[in-house]
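Below you'll find the structure, written out as structure tokens, and then a few comments.
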Amino acid sequence: MTREVPGDLWKRLTSTVGLVCAHHDGVTNVMSAEWSYFVNKQPLYAAVVLGPRAATGRIVEAAGEFSVTLCAEDQAGLADFAGGFSVADIDKTSSELIRLGAPEATATPWVTGGVVAVECRLRQVVPLPVHTMYLGEVLAAHVPDRPPRPLVKHGAMHTLGEPARRTAVVAAAELRHGGMLRVAATGPALDGPQEWRVGLLDADGTPTPLGAHPSARYEDLLVDIPLPAGLEAHRLSDHRVVVEREGAEPGFTGISGAGR
């Protein structure tokens, strides 16, 4: 264990590579942006982060707009090529791997073949310590009928693996004012009844049922439960809460605020 920050720590991030297009003087520049994200829902905003040597940033600012295509897994070679050269070196759109789609809401073409492509109006430029973030409001989206799997950047470029399987309930509990026990939990999605069973375990593991409760928003559990009669709040420091759901492993938690 050390406080030293590894020089390649930024490569531990996982993201989807974006192909950024910006149109200037009759030429469409295509540049790879390793850090490409959606950063707001309503209205939908996209953000791309470009390095200080990237001519694309200056072109985006001059044009006031850009497009970004989130790459599909078969565009790894194209992403590497687009990020390896500047528009000052060569017109990259001559590559047969770059097929441009006609814009609908802006004057900026977009690279086809990705998971999704969006046309953006530049709304904000955010200087970072070295790089610069360009925030654009999404004015049009181009989604293929059968979106391909994304290209995942995690140090190197990877294909998307199998979905992570959720098998267990994850829970937390907090003692609230008035002797109420607030319990929150998430768990694997189910097709059957959305019901959660909550219990209180004493220091010996002896259970006290706290009832069955329906799901709240997003099919999760968030419920306030009165403490059992005769159980004083200060005695809960050695207790645990167990939350169960059909088809999932139970989740266990201590009780925040107990013993105060």
Side-chain angles (χ1 to χ4, degrees), residues 7-25 27-39 45-101 103 106-122 124-136 138 140-144 147-160:
D8 64 347
L9 189 62
W10 59 274
K11 293 185 178 180
R12 312 291 174 90
L13 174 74
T14 300
S15 60
T16 298
V17 182
L19 294 173
V20 181
C21 287
H23 197 61
H24 180 67
D25 286 343
V27 175
T28 298
N29 181 38
V30 182
M31 174 57 70
S32 294
E34 181 170 343
W35 301 322
S36 299
Y37 313 94
F38 290 122
V39 293
Y45 270 55
V48 295
V49 181
L50 300 174
R53 296 187 301 274
T56 306
R58 296 187 293 275
I59 297 174
V60 166
E61 291 188 46
E65 61 183 44
F66 63 92
S67 70
V68 58
T69 297
L70 299 180
C71 289
E73 63 182 10
D74 62 357
Q75 293 179 311
L78 175 55
D80 183 54
F81 171 77
F85 296 96
S86 168
V87 67
D89 299 322
I90 193 168
D91 179 2
K92 289 173 273 187
T93 60
S94 61
S95 170
E96 292 186 355
L97 292 181
I98 296 179
R99 300 180 302 277
L100 297 178
T106 66
T108 304
W110 47 280
V111 177
T112 65
V115 177
V116 62
V118 291
E119 300 174 47
C120 301
R121 183 78 66 204
L122 181 64
Q124 190 172 355
V125 178
V126 182
L128 302 175
V130 176
H131 291 61
T132 302
M133 177 182 289
Y134 299 88
L135 294 169
V138 174
H142 305 277
V143 184
R149 286 154 52 101
L151 177 66
V152 179
K153 193 76 168 66
H154 182 67
M157 287 184 277
H158 301 263
T159 57
L160 192 66

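As a basis for the values below, the full set of heavy atoms in this structure was taken, side chains included, without hydrogen atoms, waters or symmetry mates. None of these values were measured; they are calculated from a predicted model.
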For the student: nearest non-hydrogen atoms of [X] and [Y], plus distance:
X	Y	result
Pro148	Val115	O-CG2, 3.5 Å
Cys120	Ala46	SG-CB, 4.0 Å
Ala82	Met31	O-SD, 3.5 Å
Leu50	Gly57	CD1-N, 3.7 Å
Gly101	Thr112	N-CG2, 3.6 Å
Thr108	Pro103	O-CB, 3.2 Å

- Query: Got a second to check how far Leu78's CG is from Glu96's CD, nearest 0.5 Å?
  - Reply: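 Leu78 atom CG to Glu96 atom CD measures 12.5 Å (nearest 0.5 Å).
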- To the nearest 0.5 Å, tell me how far Arg121 CZ sits from Thr106 OG1.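 Separation between the atoms: 6.5 Å.
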Side chain to side chain, [X] and [Y], heavy atoms closer than 4.5 Å:
X	Y	answer
Val138	Tyr45	no
Met157	Val152	no
Phe66	Cys21	no
Thr132	Val126	no
Leu100	Thr28	yes
Ile98	Lys92	yes
Tyr134	Val20	no

- For Glu61, enumerate each residue passing the salt bridge (Lys or Arg N to Asp or Glu O under 4.0 Å) test, keeping only those at least two apart in sequence or located in another chain.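 Residues passing salt bridge (Lys or Arg N to Asp or Glu O under 4.0 Å) with Glu61: none at all.
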- Would you check, one step at a time, whether the test side-chain contact (heavy atoms from CB on, under 4.5 Å) holds for Leu135 with Leu122? CA-CA 6 Å; Leu135 294 169; Leu122 181 64; 5.8 Å; no
- Message: For Ala107, is there any backbone N or O sitting under 3.5 Å from a side-chain donor or acceptor partner on Glu65?
- Response: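 Answer holds: yes.
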- Query: Any donor-acceptor pair under 3.5 Å linking the side chain of Asp80 with the backbone of Gly77?
  - Reply: no
- Task: Quick one: do Lys153 and Val17 satisfy side-chain contact (heavy atoms from CB on, under 4.5 Å)? Show the steps, please.
- Result: CA-CA 6 Å; Lys153 193 76 168 66; Val17 182; 3.8 Å; yes
- Item | Distance-only side-chain donor-acceptor flag, Glu119 / Ser67, under 3.5 Å | no
- Name the orientation class of the two ring planes belonging to Trp110 and His142 (parallel below 30°, tilted from 30 to 60°, perpendicular beyond 60°).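 If you compare the ring of Trp110 with that of His142, the planes turn out parallel.
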- Task: With Ser36 as reference, evaluate Thr69, Thr16, Leu70, Leu19 under the side-chain contact (heavy atoms from CB on, under 4.5 Å) test and give the passing residue.
- Result: Leu70
- Message: Applying side chain to side chain donor-acceptor pair (under 3.5 Å) to Thr159 and Glu73, what does each step give before you reach the verdict?
- Response: CA-CA 6 Å; Thr159 57; Glu73 63 182 10; 4.6 Å; no
- Verify side-chain contact (heavy atoms from CB on, under 4.5 Å) between Val48 and Met133, making sure each step is shown before the conclusion. CA-CA 6 Å; Val48 295; Met133 177 182 289; over 6 Å; no
- Full working for side-chain contact (heavy atoms from CB on, under 4.5 Å) between Val111 and Gln75: CA-CA 11 Å; Val111 177; Gln75 293 179 311; 4.2 Å; yes
- Message: Taking atom CZ as the centre, does Phe38 end up with more than 12 heavy-atom neighbours from other residues, nucleotides or ligands that are less than 6.0 angstrom away?
- Response: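 Counting neighbours around CZ of Phe38, more than 12 heavy atoms of other residues, nucleotides or ligands fall under 6.0 Å, so yes.
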- Message: With a sphere of 6.0 Å drawn around CD1 of Ile90, does it hold more than 12 non-hydrogen atoms of other residues, nucleotides or ligands?
- Response: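 Counting other residues, nucleotides and ligands, CD1 of Ile90 stays at 12 neighbours or fewer.
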